[in-house]
Every structure is written in C-alpha cells, then in structure tokens.
Amino acid sequence: MPDTTASDSAAPAASPRRDFIREMVADDVVAGRFGRAPATRFPPEPNGFLHMGHAKSICLNFGIAQEFGGTCNLRFDDTNPFTEDVKYVESIKRDVQWLGFQWDGEYYASDYFEQLYEFAERLVNNGRAYVDSQNESEIRAGRGTVTSAGVAGPYRNRSVEENLDLLRRMRAGEFADGAHVLRAKANLAHPNMIMRDPLLMRIRHAPHYRRGNDWCLYPLYDFAHGLSDAIEGITRSLCTLEFKDNREIYDWLVREVGFVNPPRQTEFARLELDYTVLSKRKLLRLVNEGHVSGWDDPRMPTIAGLRRRGVRPEAIRAFCEVIGVARKDARVEIATFEHAIRDDLNTIVPRVLSVLQPLKVVLTNYPEGQIEQMEAASYPPDSARNETRLVPFTRELFVDRDDFMEDPPKKFFRLAPGKEVRLRFGYLITCHEVVKNDAGDVIELRCTYDPATRSGNAPDGRKVQGTIHWVSATESLPCEVRLYDRLFSQADPDAVPDELDFISALNPESLVVMHGRIEPSVAKDAVGTRYQFERTGYFMSDEASTADALVFNRIVSLRDSWAKEVKKM
RNA sequence: UGCCCCUUAGCUCAACUGGCAGAGCGUCUGACUCUGAAUCAGAAGGUUCCAGGUUCGAAACCUGGAGGGGCAACCA
C-alpha cells in the first residue's frame with residue numbers, strides 16, 4: 001500500500017494500526033481538505049479524573065497529531081460552574097503528561113465566553129437564535145416527542161431588537177436562573193430531536209472555578225463545543241458515538257456563525273472494559289460512597305488508580321493500540337489489558353522471591369546458624385539485562401502454603417510428604433514430616449536438603465518436576481501485600497436486576513491484604529520500584545511503603561495454568 | 001412509535017473499497033525450562049445477523065427483515 005500520508009518525519013518508529021479515522025485524516029491531507037495541518041484536541045470536562053476511556057481518546061487524538069505532523073490541544077470543556085474544579089484540571093494535566101503526551105495549546109472553553117457571547121449576538125442578529133422565556137417544563141413540552149413534532153412557544157418570534165435587549169440583560173445579570181434561555185431557531189419538527197431549537201445559553205448565578213462571579217450566562221455543550229473547536233482551527237473533532245446526533249447542530253452552528261473550512265466531527269465507539277465501569281458519574285459514586293479509597297485507589301480504572309497500582313503508561317498505550325478504533329460498541333475482555341501489562345513488564349522488571357502465605361520449613365540436616373548467600377538471576381534470559389543479587393539461605397525457611405499439599409493429585413509438582421522439589425536458586429529438598437497444631441492445621445514441614453545440589457541440579461542426574469519459591473525465615477523481611485483483583489464480580493456491572501444497580505455487583509474480594517515475607521534485597525529500593533515476585537505476579541512498592549513497613553501492590557498476577565488445571569479437576 | 005448508528009472467530013479489530021475471510025488477545029496441544037511464568041511450534045475456532053436481489057464473482061452493492069445501541073438535561 002502506498003504511503004500517502006505525507007508524514008514521513010512525524011510518524012514514530014512503530015507505524016500504528018490504521019483505523020477509519022486515520023484513513024480520513026490521511027485523506028484530508030492528500031485532498032488538502034482544511035487548508036491546514038491536521039489539528040485535534042482532547043476536550044475533557046474538569047469534573048472528575050481521567051479513566052481508561054479517556055486514555056483511548058488521548059491516544060487517538062495525540063497519536064494522530066504525532067503521526068500526521070499536526071497539533072493536538074488540551075481544552076477544558078468547563079462550561080458548567082456547578083460541577084467543575086481546579087483539582088480536576090490539575091489531575092487531568094498530570095495524567096495526560098504521565099501517559100506520555102504533550103499538548104500544543106492549553107485552552108479553556110471558559111476563556112471563550114466573551115467570544116461565544118459575540119457569536120450569540122450574531123445569531124440573534126441573523127434571526128438564528130432567540131430568547132425563550134418559558135420555564136423548563138414548558139420548553140420540554142414544546143419540544144414534542146420522538147414521534148410527534150414540537151410546537152413553537154410564544155416567544156419564538158420575538159424581534160431581533162427584543163432578543164438583543166434581553167440577551168444583553170441576561171449577560172448583565174438582571175435575571176434570575178432559569179428566567180430566560182437562548183435557543184437556536186432551528187426546526188421544532190425536526191426528526192432529530194437535537195435540532196428542535198436546542199438551548200444555547202443558560203443563566204447560572206454560580207461561581208465558576210476560573211471565572212469567579214464575573215459571568216452568569218453560560219454556554220451549553222452544543223453551543224460551546226463546536227465553536228470552540230472552530231476557534232482553535234481544529235480539523236477533526238473526535239468524540240464518542242453518543243454525540244452522533246449532535247453533529248447536525250455542530251455543523252449548523254459553525255456554518256451560521258460563518259466559519260470557513262470548519263472542523264468536522266467524527267465519532268468512534270467508547271471503550272467498555274469487562275469487570276469495571278468507565279463513566280465519571282459511576283466512578284464518582286464509588287469515591288463518594290466510600291467503596292474505594294479515592295480516585296487513585298489501585299482498583300479504579302482511572303489513570304491515577306492504574307498509576308498507583310503500578311501499571312506503566314507504555315502498557316496503557318499498547319492496549320489502546322491493540323484494541324483499535326471503530327464505530328461499533330466495544331466491550332473488551334480484561335485479559336487483553338492484563339496481557340498488555342505483563343508484556344510491558346516482563347523483560348524490564350527484576351525478579352524477587354516473596355512468600356505471601358508463609359509455611360515454615362525446617363531443614364533438619366542443615367547446620368544451625370549457617371547462612372549461605374545464593375546467587376540469583378534478577379532478569380529472565382530473554383531480557384537484555386543479566387544482573388544477579390544474593391539471597392540468604394538458612395535452616396529455617398518459608399514456602400507458600402499453596403506449594404504444599406498433604407494429599408496431592410498426581411500432577412501436583414510441588415511439596416508433599418515424601419516428595420522432592422527444587423528451591424529456586426537453592427537446593428533440592430525432600431519433605432519427611434508434617435507438623436500440625438491441635439486444630440489439625442499444618443504449621444511446619446520438616447525436610448532434608450541434598451548438599452550436593454546447590455547449583456539446583458543433582459549430580460546423579462535425577463530430575464525433580466517442581467521448582468518453588470522460598471525465603472529465609474530469619475533473614476527475610478515482613479511485608480504487607482495488597483492483592484488487587486477486579487472491582488466487580490461480573491463482566492458487565494450494569495447487568496443486574498432492575499431493583500439493583502452496579503454497586504451491588506462490587507467484588508467483595510477486590511482487595512485482599514496478606515502479610516508475607518520478602519527477600520532482604522528489596523530494602524534498598526526506592527518506593528515505586530516494580531518487581532516480579534517469582535511464580536506469583538507483578539508488584540510495585542506502594543507510596544506508603546517504608547523500610548520498616550514494606551507495602552506492595554499487586555499490579556497483575558502471572559498467567560496461571562495450574563489454576564486452570566485445578567478448575568478442571 | 002420518529003430519526004440516526006452498529007452487526008465478520010469467544011473478545012477486539014482487519015480484509016488495499018466487488019476477486020482465495022486474516023491478525024492480536026483468549027482457548028487447546030506439544031517443545032523448552034531452576035518461574036506450572038516467559039518463549040517457541042502447532043491446532044481448534046466462520047451460514048461474514050437473516051431472507052431475497054444485482055454480478056462471472058458479494059463480508060462489501062440494492063431491497064426487506066431481525067437483533068443491539070443512541071436521541072425527547074437549562075449535563076458533557
């Protein structure tokens with residue numbers, strides 16, 4: 001396929017997957033359609049934290065700008081003083097940058113209020129907009145229904161002079177909230193409900209987080225969005241499918257206001273991810289009702305939550321790349337995301353030994369008080385790195401409870417009475433005795449080690465099937481390990497009986513705290529260091545972790561084919 | 001009940017615009033292995049929503065239907 005994108009220099013090394021939007025943009029360039037370089041924008045409302053759905057949009061908008069040598073603005077769609085806050089502006093900027101993108105212009109719809117007001121007067125002067133003084137329910141009733149046309153209200157044919165006078169006094173603050181609104185004079189019988197004289201501006205005597213009290217006439221989405229795009233010279237205004245019907249008023253407004261080569265709105269499917277919710281409204285409820293510890297709770301699908309969990313921006317970008325962009329409602333399996341996370345971490349993250357559920361093992365033939373330092377490879381063979389560290393080995397060890405069964409099935413390649421296994425980077429050991437407490441719980445295993453197997457191999461050539469991880473009982477460090485799992489226990493949290501809502505689908509075990517042990521080498525590492533706990537999963541030390549009280553978050557578990565095997569049994 | 005959008009493998013997407021339906025993830029099998037990880041090799045998996053039509057030839061074009069979704073906030 002010929003490369004016609006005229007973007008040789010701009011495109012990053014990996015050529016991104018082509019989707020229908022990139023096809024359009026490529027075509028824009030070839031056709032010289034807008035008379036300017038491709039220009040996109042990412043336009044969040046600062047009323048919540050960014051989540052994976054936004055990540056998809058960010059990768060699309062900024063990605064297109066990069067690939068086609070264009071620009072991408074960050075614009076805050078801050079037209080509703082009731083819901084917005086600077087703290088959200090700050091989190092959004094941080095998250096976009098963390099994801100690896102830098103905007104060209106940083107704009108605020110609230111900076112366009114004066115200009116938008118001028119447009120409003122222009123529309124009034126041209127007979128394209130009017131001040132309606134009906135109340136909310138009258139307006140709703142006058143709009144008709146999906147099957148019946150709306151009817152003109154009593155104010156629809158006010159004179160230009162009267163409209164102008166009212167509009168100026170609305171701006172001046174002479175009227176109470178709701179007394180009047182500005183509406184487009186479009187078509188009350190239009191089959192597209194959006195076109196039935198949509199509201200353009202409403203009075204809101206409320207402090208705006210940026211404009212304070214100097215403004216009381218706020219534009220609504222349809223009025224502000226497209227015209228803001230046009231002011232910035234955007235070429236493709238990318239948004240999600242639910243705005244499809246709004247495109248008609250978008251086009252109507254930029255045309256009536258008089259923009260030449262106006263931006264074109266193009267819609268794509270929003271992201272849905274299994275076992276979570278991607279809607280600011282719902283995420284806000286999780287925060288406000290205390291189901292999570294905050295917007296950055298590691299179980300949240302927010303960028304801040306994922307960052308705290310330990311997911312890297314590279315994984316998020318790779319995920320967005322692989323899911324693509326289309327016009328069909330998409331619900332992505334969580335396995336796809338987890339694969340992207342593991343794939344990103346696999347070769348770059350050091351391995352470490354950590355036991356989550358310690359079970360004591362005493363090596364009865366190992367000298368008391370002896371400590372051997374075992375050399376352990378910190379990276380897998382397919383990594384570019386080949387560093388090692390030393391792990392202390394002693395007479396008393398801990399292994400994971402899951403790695404012992406008193407009465408194991410045939411294919412259990414781990415510790416069991418009479419069975420021999422390899423301790424990773426250590427010796428071959430054989431279990432001889434199981435010690436139980438009065439309640440019958442296994443509390444200790446008494447084993448012997450084979451001193452000739454320090455390399456991990458038996459000189460006589462005998463093979464063992466299993467290798468398990470371990471930690472010295474005396475030299476290891478205690479640690480808190482937070483095992484995060486899916487936030488909801490069903491793939492679609494909204495698919496609950498009518499009388500319930502998504503809150504009822506929360507997974508009660510989305511956070512399980514374990515008190516485990518970890519090899520001492522990690523004590524020197526900075527907070528935020530990522531590891532693979534061998535045979536367990538990927539972890540990152542939490543920001544609350546200290547040398548005295550180590551805390552690790554599980555980023556994602558390892559693939560576990562044994563667990564699948566168990567399920568079959 | 002009006003208008004609009006969507007429908008290709010379990011999931012997400014391709015199919016150079018009418019020319020042998022493919023990829024990633026997932027699943028299964030095997031190899032390798034001091035991580036039951038990773039890696040490698042292979043396999044299974046399709047009435048391209050259905051029914052007609054146009055065509056030498058249809059996933060694509062036309063007609064009709066079905067299923068899913070969006071729109072009647074002074075939210076975005």
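So that the names make sense, note that chain A is the first sequence line, chain B the second, and so on, each numbered from 1.
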Review point. For A:D494, which of A:R281, A:R331, A:K282 qualifies under salt bridge (charged side-chain N to carboxylate O under 4.0 Å, His left out)?
Key: A:K282
Exercise for review: Examine A:R171 relative to A:Y117 and say whether NZ or CZ is less than 6.0 Å from the centre of the six-membered ring and inside a 45° cone about the ring axis.
Suggested key: yes
Check your understanding: Within the structure shown, what part of the strands sits under 4.0 Å from A:E534 by heavy-atom distance: base, sugar-phosphate, or nothing?
Key -> base
Between the protein and nucleotides 37-39 of chain B, which nitrogen or oxygen pairs come in under 3.5 angstrom?
residue : atom : partner : partner atom : Å
B:rA37  : OP1  : A:S561  : OG           : 2.8
B:rA38  : OP2  : A:R559  : NH1          : 3.4
B:rA38  : O2'  : A:N346  : ND2          : 2.8
B:rA38  : O2'  : A:D382  : OD2          : 3.0

Review point. With a 3.5 Å cut-off and no angle check, do the side chains of A:Y275 and A:D492 form a donor-acceptor pair?
Key: no
Practice item. Kindly indicate whether a cation-pi arrangement holds for A:R327 with A:F268, taking the cut-offs as under 6.0 Å to the six-membered ring centre and within 45° of the axis. Key: no
Study note, to complete from the structure: With sequence neighbours left out, the residues meeting side-chain hydrogen bond (donor to acceptor under 3.5 Å, both in side chains) with A:S279 are none
Study note, to complete from the structure: Residues A:G310 and A:R530: closest non-hydrogen pair is O-NH1, 2.6 Å
Exercise for review: Using the criterion of both pairing distances under 3.5 Å for Watson-Crick and G-U wobble pairs, give all stems of 3 or more consecutive pairs involving RNA chain B.
Suggested key: B:2-7 with B:66-71, B:10-13 with B:22-25, B:27-31 with B:39-43, B:49-53 with B:61-65
Review point. Cation over ring, A:R210 on A:Y108, under 6.0 Å and within 45°?
Key: yes
Practice item. Please confirm whether any donor atom in the side chain of A:D245 sits under 3.5 Å from an acceptor in the base of B:rG70, or the reverse. Key: yes
Check your understanding: Starting at OH of A:Y221 and ending at C1' of B:rC71, how long is that distance when rounded to a whole Å?
Key -> 14 Å
